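Below: one structure, written as structure tokens.
In this chain, numbering begins with 1 at the start of the sequence shown. Every value quoted in this text rests on a predicted model; they were computed, and no experiment measured them.
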Amino acid sequence: QHRPARNVVMPRWDRPCRIAILHDGGDVSALVHKLTADSTPATRKQVDVFAVPDKKQVCALLSRPKKEVLRAITAQEYDLLIDLTQQPTLVSLYMALYIRAAFKVGRYTRDGIYDLTINTPAQDTPDYLFSQIIKYLHIFTTNE
């Protein structure tokens, strides 16, 4: 399996940060607002949101996203990927793998894609998963 090369670097919350959110297609605007509301110019968070598309619409052979989808998810570099998908699918895992982020966090899977995993039941809401991710990121990135 080919994995894109990357340097793993945990983002600091007291600095500007570019964040990608991957989700199943529900409304995540409140979560984006939580990330950006408390930002100051010194800690500004820029957030891009990617919904996992329907497999039939975007996938080529072997559940890989088509070239135009792959181009869209690799066009920007991020400090952090937050994957809020409920159930991992081949499409969501492929997208998480190829989104260029220095640090990736999501629900626990056996695939080893994420640098930090949160082990919660799949029936937990994206809001709950998000709160757990932010909680642990804050614990690990306290000011030095």
Looking only at atom types and distance, does a side-chain atom of [X] sit under 3.5 Å from a main-chain N or O of [Y], one as donor and one as acceptor?
{"X": "Lys104", "Y": "Leu116", "value": "no"}
{"X": "Thr89", "Y": "Ser92", "value": "yes"}
{"X": "Asp24", "Y": "Gln86", "value": "yes"}
{"X": "Arg44", "Y": "Pro16", "value": "no"}

Tell me, do [X] and [Y] make a side-chain contact under 4.5 Å, heavy atoms counted?
{"X": "Asp115", "Y": "Val105", "result": "no"}
{"X": "Ile139", "Y": "Tyr136", "result": "yes"}
{"X": "Val49", "Y": "Leu22", "result": "no"}
{"X": "Leu81", "Y": "Phe103", "result": "no"}
{"X": "Val32", "Y": "Ile19", "result": "no"}
{"X": "Val28", "Y": "His23", "result": "yes"}
{"X": "Val47", "Y": "Ile21", "result": "yes"}
{"X": "Leu31", "Y": "Asp127", "result": "yes"}

Roughly how far apart are [X] [atom1] and [Y] [atom2], rounded to 0.5 Å?
{"X": "Ile133", "Y": "Tyr114", "atom1": "CD1", "atom2": "OH", "result": "9.0 Å"}
{"X": "Leu84", "Y": "Thr125", "atom1": "CG", "atom2": "OG1", "result": "9.5 Å"}
{"X": "Arg15", "Y": "Lys45", "atom1": "CZ", "atom2": "NZ", "result": "10.5 Å"}
{"X": "Leu129", "Y": "Ile82", "atom1": "CG", "atom2": "CD1", "result": "9.0 Å"}
{"X": "Tyr78", "Y": "Phe50", "atom1": "OH", "atom2": "CZ", "result": "3.5 Å"}

Linked, directly or transitively: Leu35 and Phe140 (ILVMFWY side chains, under 4.5 Å): yes

Are Ile134 and Tyr108 grouped together when hydrophobic residues (ILVMFWY) are joined by side-chain heavy atoms under 4.5 angstrom apart? no

If you look at every heavy atom in Ala20 and Ile99, which pair is closest and at what distance? CB-CG2, 4.1 Å

Check Ala51 against Gly25 and note the closest heavy-atom contact, atom names and distance. CB-CA, 4.1 Å

Judged by modelled atom types alone, do Arg107 and Thr120 share a side-chain donor-acceptor pair under 3.5 Å? yes

Residues in salt bridge (charged side-chain N to carboxylate O under 4.0 Å, His left out) with Asp48, at least two apart? Arg18

Apply salt bridge (charged side-chain N to carboxylate O under 4.0 Å, His left out) to Asp79 and list each qualifying residue two or more places apart in sequence or on a separate chain. none

